[in-house]
Engineer: 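Just passing along the structure, written as structure tokens.
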Amino acid sequence: MEDIRFTPGLLPPEAEALRAEVRDFIASHLKGYPGVKRAKSWSGADPEFSKAMGARGWIGMTWPKEYGGGGRSFLERYVVLEEMLAAGAPVSAHWVADRQSGPLLLKFGTEEQRRKYIPAITRGESYFCIGMSEPNSGSDLASIRTRAEKTADGWRINGQKIWTSKAHTAHHMIALVRTRPQDPKDRHAGLSQFLIDMKETKGVTIRPIRNMAGEQMFNEVFFEDAEVPADALVGTEGGGWGQVTTELAFERSGPERYLSSYQLLFELVREIGADAGPAEAAGIGRLAAHLSTLRQMSISIATMLERGETPNLAAAIVKELGVAYEQDMPGKAHDIAGISPRTGADAGGFDQVMAYMTMAARSFSLRGGTREIMRGIIARGLGLR
Amino acid sequence: MTGTSEMANILAEAAGRLLEDHVTRDVLSAAEDGTWPQDLWQELEQNGLTQPLAPEDRGGMGATFADAFVIAFAAGRRRAPVPLVETMAAGWLLGRAGIDVPPGPLALIDGGGDLALKDGALSGVAKSVPWAAQAGHLVVEIDGTVLLVPADAVTLTPDSNMAGEPRGTVTLEAAKPAATGSLGLTGNLPVARTLGALMRAAQMAGAMEGAVTLAVQHAGDREQFGRPIAKFQAIQQMLARAAARAAQARSAAETAFLALDRVGDDLTDAEWDVAAAKVVAGEAAEIVYDAAHQTHGAIGFTYEHELHFTTRRLWAWRGEFGAETYWAQEIGQRVLARGADTLWPDLTARQKG
Ligand SMILES: Cc1cc2nc3c(=O)[nH]c(=O)nc-3n(C[C@H](O)[C@H](O)[C@H](O)COP(=O)(O)OP(=O)(O)OC[C@H]3O[C@@H](n4cnc5c(N)ncnc54)[C@H](O)[C@@H]3O)c2cc1C
């Protein structure tokens, strides 16, 4: 049984100094930005906003300066992320690149790949999507079938990805594909990662999938004899599983795993108002208690990252807790406010945000690895499996 | 930023080992039948573990709350059947009020209830006071004044909580304190209540770690359908969820201890962290209580098995020094009074370095 411990930490002064700057930036860039849009949290996109963040040095903050990174600490980055999330800023255009694709390239990519791709990410001009899931491979990622075959001057990719968030706006995908046939003795062997240009590569077709909240956010992506150059391979051929595991650790460790529904809490507090009865106050208090303790745990993870650790188990725990919290929020809001949200033209901020969040929250315990998969990781940490 | 200090490691090691050695099943069940574990108390006291928080010149160790957390956590983890955390908290109050800390167990009385201080003497009734019958002195905090009251100055009607820990109704009739001092601390709530809730939150986190550990061990040992029940996914998922909640409770409690080190002369902000810790611990207790018992099956429902020494305490502590509803209302009212716009800024301001 691994010792599960989240050492409480306070953010250092340089991180706190940044907070005021970020708030000023948000106040001027998002003036009058409506609650329904803020409610999209890190699913809301605005390339201009991303570029403005890039100009401030707030993308790739922890990356080396030689590639355009900020050379700053994970705790400073944490402050920028949580302020953006609390404000419901439209950060999704660059989010994946900043969170996982950039770090992946820095860790496993070649020097040329770093020089070619990283600076544009830090400027907020280059967006990435994640090509992992396939129609027959969700939780069981190792069972993917999309394959890449070696050609004279590169690789030829055939197969299909699905649920690819923002594939329609991303410039690049980092795809996990099979470069060798499935080996029944080693399910994790023969997988590799490729960086695919989504705008230029022939044989790539993107088809949108409308989600239950009516948004066009994720997609199907088809590869039909899609030719990519030899240097599209990221890391080692056959080493894809180890790399993707690292990538998933980046994907799961951030504050977006408990702050996705912050906007609903904000609207709920406004809706309930100062003259609330004791039951309403207690309901709000419980949500506030979770908010503040989850924040502490999230800061603790940022501290682990800063120490160079890979906090897989800790990230799974915070994702399990955080997702439960953000996902339960609409139900709690329903209990506290006791109304069914309206969506028509006369709907107020609370109604609109509540209606949206009630639907959007269904995805929280799926994306980035399901609740059950997270609990499986924790169970392994406990020594149960 | 803070990590684990040298002092905390020493205290964790000392308290952990001592409690593990002394708090046996026999000691626990004898304590429930009314036998005071004198050896255990003596060992704790001789090792300085009962007064970590009082200053050295008042008879304590002068440690920080951050360091003392591990003692309270261990007290819960090992189910110490003595008023270790109450004595610790009372010692801090005495030290702050400039009163020398007497040896022996102390009881902590929340003066926010029916007590009244008149002409330097205390009158009223305090209910469900933990360990009142075992304490040589009672420490009362009332409106910023700390009073050290000798046990023989009060009348006591003993009872117990659902874990069989001694509690009692204390009646004071113009009881004269042995010493009185001013705390020099303002806040929104009675200070002893906040300290009590702080300690219970840490004990609960410890008890939850204990319950999860017992359940994980049992799941590995117990075989059904030809394999350890740990191999069943239903068991894995249930315990994973419980372990995550226990980890949250621990993190929240530790954060609250840290907040106590930053109070200066105003407890208001730290009250928030204590409230969050007590709420989160209470909610987690529900889940851990269920998962630990369900994993154990019928054997965990017996008096013979040790699980209930942990889980009954968990449940009892959940209601002491303010249940979740009480603390949730407190912070909920604060959030609502301040309004949505300050919710996030207030949170980040409170938890900064
Ligand atoms: C909004 C959203 C955005 C997404 N974005 C992307 C993206 O950008 N790129 C990408 O690659 N993918 C993306 N995904 C896909 C996501 O990673 C998958 O949905 C997820 O991994 C689960 O796969 P699945 O949907 O096929 O469900 P399945 O794996 O079929 O699972 C269905 C149910 O079975 C349970 N289950 C499966 N296996 C087990 C097991 N071993 N033990 C117990 N229970 C099990 C699951 O927990 C779940 O409850 C996104 C998904 C959503 C909802």
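Just so we're on the same page: letters track the sequence lines, and every chain starts at 1.
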Engineer: Counting C-beta onward and ignoring hydrogens, is there a side-chain heavy-atom pair between A/L291 and A/L265 closer than 4.5 Å?
Structural biologist: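 Yes, side chains in contact.
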
Engineer: Measure A/E320 against the heavy atoms of chain B and call it side chain, backbone, both or neither at under 4.5 Å.
Structural biologist: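 Interface part for A/E320: side chain.
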
Engineer: Would you call the rings of A/F266 and A/Y262 parallel, tilted or perpendicular, taking 30° and 60° as the class edges?
Structural biologist: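 Rings of A/F266 and A/Y262: tilted, as their planes differ by 30° to 60°.
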
Engineer: Looking at B/K231, B/R241, B/Q333, B/Q233, which has the largest count of heavy-atom pairs under 4.5 Å with chain A?
Structural biologist: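 Looking at each option in turn, the highest pair count goes to B/R241.
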
Engineer: Counting only non-hydrogen atoms closer than 4.5 Å, does B/W327 touch chain A with its backbone (N, CA, C, O), its side chain (CB onward), both, or neither?
Structural biologist: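 For B/W327, no heavy atom lies under 4.5 Å from chain A.
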
Engineer: When you compare the side chain of A/L321 with that of A/M297, does any pair of heavy atoms fall below 4.5 Å?
Structural biologist: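 A/M297 reaches A/L321 side chain to side chain.
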
Engineer: Which atoms of A/R23 come close to chain B, meaning under 4.5 Å heavy atom to heavy atom: side chain ones, backbone ones, both, or neither?
Structural biologist: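 Side chain only.
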
Engineer: Under 4.5 Å from any heavy atom of chain A, what part of B/P345 do you find: side chain, backbone, both or neither?
Structural biologist: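 Both parts, backbone and side chain.
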
Engineer: Tell me, side chain or backbone of A/L259 under 4.5 Å from chain B's heavy atoms, or both, or neither?
Structural biologist: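 Side chain only.
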
Engineer: So for A/L382, is it side chain, backbone, both, or neither that comes closer than 4.5 Å to the heavy atoms of chain B?
Structural biologist: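 Both the backbone and the side chain of A/L382 come within 4.5 Å of chain B.
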
Engineer: So which pairs with a foot in residues 211-222 of chain B pass side chain to side chain donor-acceptor pair (under 3.5 Å), sequence neighbours left out?
Structural biologist: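 Qualifying pairs, neighbours excluded: none.
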
Engineer: Does any heavy atom of chain A fall under 4.5 Å from the side chain of B/A247, the backbone, both, or neither of them?
Structural biologist: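 Interface part for B/A247: both.
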
Engineer: With a 4.5 angstrom heavy-atom cut-off, is it the side chain or the backbone of A/E267 that approaches chain B, or both, or neither?
Structural biologist: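 A/E267 has no heavy atom closer than 4.5 Å to chain B.
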
Engineer: Please lay out, stage by stage, how B/E286 and B/R245 fare under the test salt bridge (Lys or Arg N to Asp or Glu O under 4.0 Å).
Structural biologist: CA-CA 10 Å; B/E286 178 91 32; B/R245 288 304 199 107; over 6 Å; no

